[in-house]
There are 2 protein chains.
Amino acid sequence: MTETAVGSSAVGNAAQSKSEQAYAAVKARIVEGTYTPGYRLVLAKIAEDLGFSVVPVREAIRRLEAEGLVKFERNVGATVSGIDPTEYLYTMQTLSIVEGAATALSAPLIDSVAIARARAVNQEMRECLEHFDPVRFTALNQDFHSVLFEHCPNPHILDLVHRGWNRLASLRSSTFRFVPGRAQESVREHEALLQLIENAADADTIEKAARQHRAATLDAYLAQAKQ
Amino acid sequence: MTETAVGSSAVGNAAQSKSEQAYAAVKARIVEGTYTPGYRLVLAKIAEDLGFSVVPVREAIRRLEAEGLVKFERNVGATVSGIDPTEYLYTMQTLSIVEGAATALSAPLIDSVAIARARAVNQEMRECLEHFDPVRFTALNQDFHSVLFEHCPNPHILDLVHRGWNRLASLRSSTFRFVPGRAQESVREHEALLQLIENAADADTIEKAARQHRAATLDAYLAQAKQ
DNA sequence: AAGTACGAAATCGTATACGATAACTATGGC
DNA sequence: GCCATAGTTATCGTATACGATTTCGTACTT
C-alpha cells in the first residue's frame with residue numbers, strides 16, 4: 001500500500017477507460033520499480049500484456065511523457081526516463097518551492113490528530129534508521145508528508161507536489177543510501193516542522209522551513225556528487 | 001506575434017507529427033480566443049477541419065486536458081474549460097508562487113540590456129493605459145514578464161509559469177477591464193521590480209515582490225467579485 | 001579489416017471501421 | 001398537459017490494418 005504511485009485521481013474505478021487503466025498500470029510499474037530507468041516501453045508489447053490494443057496504450061504513454069516519467073522519441077519509442085543530476089536538481093528545486101507553499105497553505109488546517117499521526121510516522125522512521133530499512137523509511141517519508149499536505153486547499157499545488165514525487169520515485173531512497181547522516185537530519189527537521197505547525201507559526205516561517213527541508217536533501221546530494 | 005500560446009516547445013517544426021500539429025492548432029485557437037470557454041470540441045469535426053483523422057486529434061485534446069485548457073468527459077466529449085472564480089484563485093495562487101520563484105532565480109542572470117528592454121515594454125504599457133488599449137496592454141504584460149523569465153535556469157519552473165499563463169489566457173485582460181486602477185498599480189510594481197533586480201536585491205526580497213505582484217491582482221479581483 | 005550500402009525487421013503513426021455510451025426526440029400513458 | 005419510456009442520433013472508445021520511419025544485420029567494396 002505504501003508502494004503505489006501517488007496522486008493519481010483517486011476516484012472510484014467506475015467504468016475506467018482502457019487508456020486510464022493502461023496509464024495507471026504503466027505508471028505503477030515505473031514508480032514501484034518494475035520498469036527501471038532506460039527500460040524500453042514497446043507499445044505493442046505492453047498492449048499485448050494488458051490485453052488492450054495499442055491506441056489506448058499509446059495515449060497512456062504520452063500522458064506519462066507529459067509528466068516526465070518516460071521519454072518519448074518520434075518513430076523510435078518510449079523509455080523510462082532516468083533522472084540525471086541536472087534533472088534531479090531541477091526537480092528537487094521545483095519540489096522545494098511547491099512543497100514549501102503546500103506546507104504553508106496546509107498548516108492552518110492541520111488538526112492535532114493529524115499532527116499526532118505525523119509524529120507517529122516520524123517515530124517509526126527513527127526506528128527504520130536503527131534497523132537500516134531504507135525502503136520502509138522512504139515509504140514512511142511519503143506518508144509523513146502526505147499527512148501534512150492532505151488538506152492543502154489548492155489542488156493545483158498539491159498536484160505539482162505529487163508529480164515531483166513520482167518523478168523522484170524511480171530513484172527513491174537514493175539519498176538515504178548515499179548521503180550518510182542526511183536521514184537522521186531529515187527526521188529532526190520533521191519534528192521541528194511539526195512544532196512550528198503546532199505553535200501556529202506564521203506562514204512565511206513554515207514555508208521557509210519546509211523549503212529548506214527539501215533543499216537540504218538536494219545540497220547533501222550535490223555535495224556528495226561533487227566528491 | 002503577441003497573440004500566440006506561450007511556452008510550447010518552440011523548436012523548429014521539422015517533421016511534426018499530426019498530433020503535435022493538432023495540439024498546437026487547437027491550443028492556439030483556445031488561447032487566442034477563437035474557441036471560447038464552453039465551446040464544444042467535437043473530435044470528428046476538428047479532425048475534418050484539419051484534414052486529419054480522429055486519433056491524433058484525440059491525443060491532442062487529452063493533452064490539452066492535462067494542461068487544464070479543456071474539460072473532457074468520458075463518452076460525452078470535450079469543451080473549452082472556462083475558469084470559475086475558484087479555479088481562478090487556484091491558478092493565480094499557484095502562479096504567484098512559481099512566478100515568484102522564477103523571478104528570483106532569473107534575477108541574477110538578467111543583464112542591463114534586458115532590463116532596458118523590459119523598461120521600454122513597461123513604458124509602452126503606460127501609454128496603453130492612456131489610450132485605453134487593454135488587448136495590447138495584456139500582450140505587453142506577457143512580453144514584460146517574458147523578458148524577466150527568459151533566462152530562468154530551471155526549465156521545469158518556467159514551464160509551470162507558461163502553463164499558468166495559458167490557463168489564464170482565455171480570460172486575458174479581464175482584470176484590466178474589470179478592476180479599476182489595478183493596471184496602473186501593476187505598471188508601478190513592474191518598475192519597482194526592475195529596480196530591485198538592478199540593485200541586485202537578495203533573492204528573498206525579489207521573490208516576495210514578484211509574488212506580491214501577482215497576489216495583488218488576485219486580491220483586486222476577489223475584492224471586486226465580492227461586491 | 002574497416003567502412004559503406006543495401007535490405008530486412010521492428011516499431012511507430014495514423015486512417016478507417018465498428019461497437020459502446022450518452023444525449024436527444026418522439027410517442028404513449030396518466 | 002406532463003412525465004415516463006423507447007427509439008434514434010451523435011459522439012466517443014478502441015480494435016485492426018497498413019504505410020512510414022528508424023534501426024539492425026549482412027554483404028560487398030576498398
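Throughout, a chain's letter reflects where its sequence line sits, starting with A, and its residues are numbered from 1.
B:V55 comes within 4.0 angstrom of a nucleotide base, judged by non-hydrogen atoms across all strands. Across all strands, A:R40 comes closer than 4.0 Å only to sugar-phosphate atoms, never to a base (heavy-atom distances). Using a 4.0 Å heavy-atom criterion, one finds that B:L41 contacts the sugar-phosphate atoms exclusively.
Nearest-nucleotide assignment on DNA chain D puts the 5′-proximal partner with B:E73, out of B:E73 and A:N75. Of the two residues contacting DNA chain C, namely B:G51 and A:V76, the nearest-nucleotide position lying further toward the 5' end is that of A:V76.
In this structure, CZ of B:F72 is placed 13 Å from P of C:dA22, rounded to the nearest angstrom. Between the CD atom of A:E65 and the C1' atom of C:dC12 there is a distance of 13 Å, rounded to whole Å. Atom-to-atom, CD1 of A:I46 to P of C:dT11 comes out at 11 Å; the value is rounded to the nearest Å. Rounded to an integer number of Å, the gap from A:R74 CZ to C:dT11 C1' is 13 Å.
One finds a salt bridge joining B:R117 and B:E150 here, because a Lys/Arg side-chain nitrogen approaches an Asp/Glu carboxylate oxygen to under 4.0 Å. Ion pairing between A:E59 and A:R62 fails under the 4.0 Å rule for side-chain N and carboxylate O. Using a 4.0 Å cut-off between charged nitrogen and carboxylate oxygen, A:E20 and A:R63 count as a salt-bridge pair. Salt bridge absent: B:E87 and B:K71 never bring a charged side-chain N and a carboxylate O closer than 4.0 Å.
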Apply side chain to side chain contact (heavy atoms under 4.5 Å, CB included) to A:E67 and A:K27, showing your working. CA-CA 10 Å; A:E67 294 181 20; A:K27 182 173 181 175; 3.6 Å; yes

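Checked by atom type, the side-chain pair A:E99/A:H213 shows no donor-acceptor distance below 3.5 Å.
Taking a heavy-atom distance under 4.0 Å as the criterion, the stretch of DNA chain D touched by chain A extends 5' to 3' from D:dT14 to D:dT23.
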